[in-house]
Amino acid sequence: MSKLSLLKSASSLSDVADLLGFSPSGLSFVLYKQSALAKYKKFEIHKKTGGTRDICAPIGAMKAIQRELATVLNACRAEILEATPRRPLSHGFRESLSIITNAQNHTARRHVLNVDLADFFPTFNFGRVRGFFLKDKDFFLNEKAATVLAQIACFENTLPQGSPCSPVIADMIAHVLDVRLVGLAKKNRVTYSRYADDLTFSTNQKDFPEDLAKPGAGPADPWIVGDELLKKIEGAAFKVNPTKTRMQFRGSRQVVTGLTVNTKVNISQRYWRSIRSMCHALFQKGEYHHPAPKAGTPPGSALVMINSLEPLAGMLSHAYHVKRKSLRFPDEKKEDVVFGQTDHRRFWFYKAFVAPTRPLIVCEGPTDNIYLRNAIRRLTAYHPKLGNMTPHGFKYGVALFSYTNQIHKILGISGGIGPLLTLVHGYKKQLKEYKFRPMAHPVIVLVDNDTALGQKVCNSLKKHFGVDVTHHSPSSFFHLTDNLYLVKTPLVGILAMTCIEDLFDAATKAMPLDGKTFHTEKAGFDPTKHIGKAPFATKVVSPNAAAISWNGFVPLLDRIVAVQNDYSAKLGTTPLAALPHTPTLAPLSPAAGHP
């Protein structure tokens with residue numbers, strides 16, 4: 001039975017609780033007995049344009065309940081849209097839609113009009129939310145069910161900003177406005193779209209329709225909302241923010257939801273220049289000026305010096321995402337080549353390798369990460385050295401380089417020993433690009449001790465770093481340069497070479513998946529009988545991690561701890577306590593193998 005059908009059939013608090021996956025008594029307690037302080041945290045955030053915005057963020061059980069309600073309502077909306085396919089008019093708070101898809105409706109136009117709705121979320125009070133679920137033709141909910149949903153969603157008689165379910169509810173209620181405005185737009189031969197409280201109209205007509213907007217009385221009030229548009233907006237119980245009505249003409253910079261649309265969707269040159277300036281300051285001094293608007297100050301006039309990488313990382317990620325979407329390369333291999341690639345690479349190299357906040361382990365691929373995470377979590381002798389359980393879940397003391405986002409593609413680390421060796425050989429040269437190099441933690445490149453680490457590779461590393469990393473070397477780790485280390489998988493039993501899967505016992509490697517078992521070698525691999533590394537890691541190891549023996553990973557984790565101790569000694573900081581089964585290791589010269 002679909003989520004929409006279940007919601008329509010709900011006639012009591014118990015029915016709603018069941019649909020959301022909570023007990024009726026638990027939902028009742030949160031809604032009617034728990035104090036407001038136990039349900040919401042209030043705070044202010046600064047607006048980019050000055051002033052502040054009140055945020056009421058749910059906490060604890062209330063947050064969990066609202067998150068589930070958002071999931072249910074999004075499923076209902078998807079079902080409704082599937083039954084009645086139509087071009088999306090609203091691009092906010094929807095999967096696969098964004099500010100980019102919204103802006104793409106308005107590229108290369110003579111006129112672009114932006115209109116802002118005032119006090120968007122506060123517009124939706126308890127009665128309006130409850131009435132929507134009661135009377136909307138797609139819902140027509142039972143009175144009790146509609147009341148409970150409104151009680152879950154609303155706080156202090158409004159949809160709170162900060163709630164997981166406020167966006168989807170506000171967006172569904174605002175659909176009636178979209179229907180009216182797209183009709184008005186069609187009548188006047190213009191294109192309409194909405195992103196949350198931002199309305200945009202665009203056209204190539206010589207004169208912009210006066211029903212939508214017209215010139216104001218003077219320079220201080222250049223354009224005002226037209227009578228017909230104002231009538232439609234107010235008739236749907238919304239208000240216009242007149243200070244944000246803006247007409248943009250071809251020949252000047254045209255912006256829709258923060259993106260330029262003159263010829264194609266793009267970030268503004270000013271935005272990109274500010275990113276480059278911040279990066280330059282970061283690489284030179286370890287800190288940069290970042291806009292921090294305060295109440296009553298004009299946009300851009302308030303700047304603070306910070307050393308946190310997260311705001312700049314967010315800006316670069318946004319720019320990268322917009323560029324990739326706007327270029328639309330048909331060739332997937334070119335998809336990640338965007339304007340400013342060098343700047344992206346320099347920042348992410350800095351964040352990952354020059355200024356890591358924890359020791360970083362770079363494996364040959366994502367399956368190795370799965371093994372290490374589980375080994376660290378299950379081998380409690382390494383707690384809290386490599387990770388520890390906290391009230392908020394397990395917190396790892398080391399970071400594992402991710403292969404699940406775009407960053408590894410930007411850096412050219414695509415998996416396998418080849419790209420890792422490219423990273424290693426170019427590491428010292430890349431460090432020279434940065435004047436400020438904190439390097440508070442080691443970077444550990446973990447490779448299989450197998451045929452891929454052949455004599456040619458070993459000779460190259462010895463020539464480059466003066467370190468012997470051959471298979472017969474007894475070293476547990478190798479310090480290559482600066483904060484960069486190499487660790488090979490330990491030898492197991494009589495094996496002359498090993499890959500990381502050799503650290504599992506025979507019982508684990510023999511665990512079946514759909515009648516097939518794990519096989520490591522290319523020679524002799526039969527797809528009708530065998531599974532490879534990816535299904536072994538994700539469908540055998542991960543689901544059975546609690547029952548698997550991780551003892552084979554002890555020597556490998558010993559080596560990781562030894563690297564941490566060695567680097568701490570080099571920095572003059574307190575090393576990690578030695579493990580009972582780990583021999584005390586002497587300090588290491590910068591370019592020597594560890595005995």
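Everything numeric in this text was worked out from a predicted model, so none of it was measured. The analysis underlying the following values was restricted to heavy atoms, covering all of them including side chains, and did not include hydrogens, waters or symmetry mates.
Y396 is linked by a ring pair (Phe, Tyr, Trp, His ring centres under 6.0 Å) to F394, counting only residues two or more places apart in sequence or in another chain. In this view, D526 and T528 satisfy the side-chain hydrogen bond (donor to acceptor under 3.5 Å, both in side chains) rule, not counting sequence neighbours. Residues satisfying the ring pair (Phe, Tyr, Trp, His ring centres under 6.0 Å) test with H425, not counting sequence neighbours, are H464. With sequence neighbours left out, K529 forms a salt bridge (Lys or Arg N to Asp or Glu O under 4.0 Å) with no residue at all. Considering only residues two or more places apart in sequence or on other chains, R94 meets the salt bridge (Lys or Arg N to Asp or Glu O under 4.0 Å) condition with D171. Judged as a side-chain hydrogen bond (donor to acceptor under 3.5 Å, both in side chains), and not counting sequence neighbours, the contacts of Y40 are Q66. H280 pairs by the ring pair (Phe, Tyr, Trp, His ring centres under 6.0 Å) definition with nothing, not counting sequence neighbours. For E95, there are no salt bridge (Lys or Arg N to Asp or Glu O under 4.0 Å) partners two or more places apart in sequence or in a different chain. Scanning for salt bridge (Lys or Arg N to Asp or Glu O under 4.0 Å) contacts around R345 gives E433, with sequence neighbours left out. For the side-chain hydrogen bond (donor to acceptor under 3.5 Å, both in side chains) test, residues two or more places apart in sequence or in another chain that qualify with D505 are T508.
Identified under the ring-ring contact (aromatic ring centres under 6.0 Å, His included) test for residues 490-514, with sequence neighbours left out: Y371-F504, F504-F536, F504-W550, F504-F553. Among pairs with a residue in residues 365-375, none fulfils salt bridge (charged side-chain N to carboxylate O under 4.0 Å, His left out), at least two apart in sequence or across chains.
A donor-acceptor pair under 3.5 Å is absent between the side-chain atoms of N374 and the main chain of S542, judged by distance alone. One N or O on the side chain of N369 and one on the backbone of F401 form a donor-acceptor pair closer than 3.5 Å. With hydrogens and angles ignored, the 3.5 Å screen pairs no side-chain donor or acceptor of K351 with any backbone N or O of E310.
Using a cutoff of 4.0 Å between basic side-chain nitrogens and carboxylate oxygens, K3 and E79 are not scored as salt-bridged.
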